[in-house]
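Shown next, in structure tokens, is the structure this report addresses.
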Amino acid sequence: MAVKIKLKRLGKIRSPHYRIVVADSRTRRDGRAIEEIGLYHPVQNPSRIEVNSERAQYWLSVGAQPTEPVMAILKLTGDWQKHKGLPAPAPLLVAEPKDKRAAFEAFTKGLEGDDVKGEAITQKAKKADKKADEAEASSSTSAAESTEA
């Protein structure tokens, strides 16, 4: 029996998450699995990858073949290099949480010197401003013509 390490899809239509499973190669994608050895959540920022390294090493040593997506995940975590005896890759980077409040305050502090309205500008407001400017320009040109005559 050929054993594969593959991804089992879970989640809603546009928010997939996967479990890394060991299954018979003849079973369907989301079918019965022998064992679950990890998680992969690509939608999260940064994507969440958890692999039980000990179990992955065991299954690779007994001949389980990873699919291409799983092999890419195993290379990121370093389990594939450990199995093949290659040097370990650089550790995965974990994104630091951003302080959104501080970034917003820094942005608004830079705008204090500018002439900033406290309201959003919509397309309708821009058109109304253009019409008002055109009306002022036409009235000023007609006033200038009347003074010249």
Side-chain angles (χ1 to χ4, degrees), residues 1-140:
M1 166 167 89
V3 177
K4 290 227 176 228
I5 303 174
K6 55 187 179 179
L7 295 176
K8 179 178 181 179
R9 189 182 195 280
L10 302 167
K12 296 185 222 175
I13 291 178
R14 287 179 184 80
S15 62
H17 57 276
Y18 301 90
R19 290 189 182 151
I20 302 170
V21 298
V22 178
D24 182 7
S25 62
R26 296 170 289 187
T27 61
R28 58 185 187 264
R29 178 189 70 179
D30 301 334
R32 197 172 104 194
I34 299 170
E35 183 180 358
E36 294 179 1
I37 61 170
L39 300 172
Y40 174 53
H41 295 260
V43 179
Q44 291 181 356
N45 189 14
S47 57
R48 179 179 169 199
I49 299 172
E50 291 180 17
V51 178
N52 184 345
S53 183
E54 184 179 305
R55 296 308 296 164
Q57 292 302 315
Y58 167 76
W59 284 107
L60 289 170
S61 69
V62 295
Q65 296 296 314
T67 59
E68 286 185 29
V70 172
M71 187 178 294
I73 291 170
L74 293 176
K75 284 181 180 179
L76 285 175
T77 60
D79 291 318
W80 183 253
Q81 288 88 338
K82 190 185 294 183
H83 171 67
K84 290 293 186 180
L86 301 172
L92 292 176
L93 297 176
V94 177
E96 297 176 11
K98 296 180 182 178
D99 186 16
K100 294 179 182 179
R101 180 89 176 158
F104 175 74
E105 289 173 356
F107 176 73
T108 55
K109 189 179 226 180
L111 295 177
E112 286 177 2
D114 299 337
D115 183 29
V116 178
K117 296 179 182 176
E119 58 200 45
I121 299 175
T122 61
Q123 294 295 328
K124 291 180 183 177
K126 287 181 181 179
K127 288 179 184 178
D129 288 343
K130 284 184 182 179
K131 288 181 181 178
D133 291 339
E134 290 173 2
E136 287 179 24
S138 65
S139 65
S140 64

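We number each residue from 1, following the sequence as shown. The analysis underlying the following values was restricted to heavy atoms, covering all of them including side chains, and did not include hydrogens, waters or symmetry mates.
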Is the closest side-chain heavy-atom distance between L60 and I5 below 4.5 Å?
yes
Closer than 3.5 angstrom, by distance alone: can the side chain of S47 be matched with the main-chain N or O of Q44 as a donor-acceptor pair?
no
Using side-chain heavy atoms (C-beta onward) and a distance below 4.5 Å, is I73 in contact with L7?
yes
Can you find a heavy atom in the side chain of Q81 that is under 4.5 Å from one in the side chain of P89?
yes
Over all heavy atoms of both residues, which pair between I34 and D24 is shortest? Give the atoms and the distance, please.
CD1-N, 4.2 Å
Could you grab the distance from atom NE2 of H41 to atom OG of S15, nearest 0.5 Å is fine?
10.5 Å
Using the side-chain contact (heavy atoms from CB on, under 4.5 Å) rule, pick out the option among M71, K75, K4, K6 that qualifies with P66.
M71
Can you tell me how far the CD atom of E54 sits from the CH2 atom of W59, to the nearest 0.5 Å?
13.5 Å
Whether N52 side chain and I37 backbone form a donor-acceptor pair below 3.5 Å:
no
With a 4.5 Å limit on heavy-atom distance, are the side chains of L39 and R19 in contact?
yes
Can you tell me how far OH of Y18 sits from CD1 of I49, rounded to the nearest 0.5 angstrom?
13.0 Å
CD (E36) and CZ (R55) are apart, to the nearest 0.5 Å, by 13.0 Å
Looking only at non-hydrogen atoms, find the nearest pair between A23 and A33 and report the distance.
CB-CA, 4.1 Å
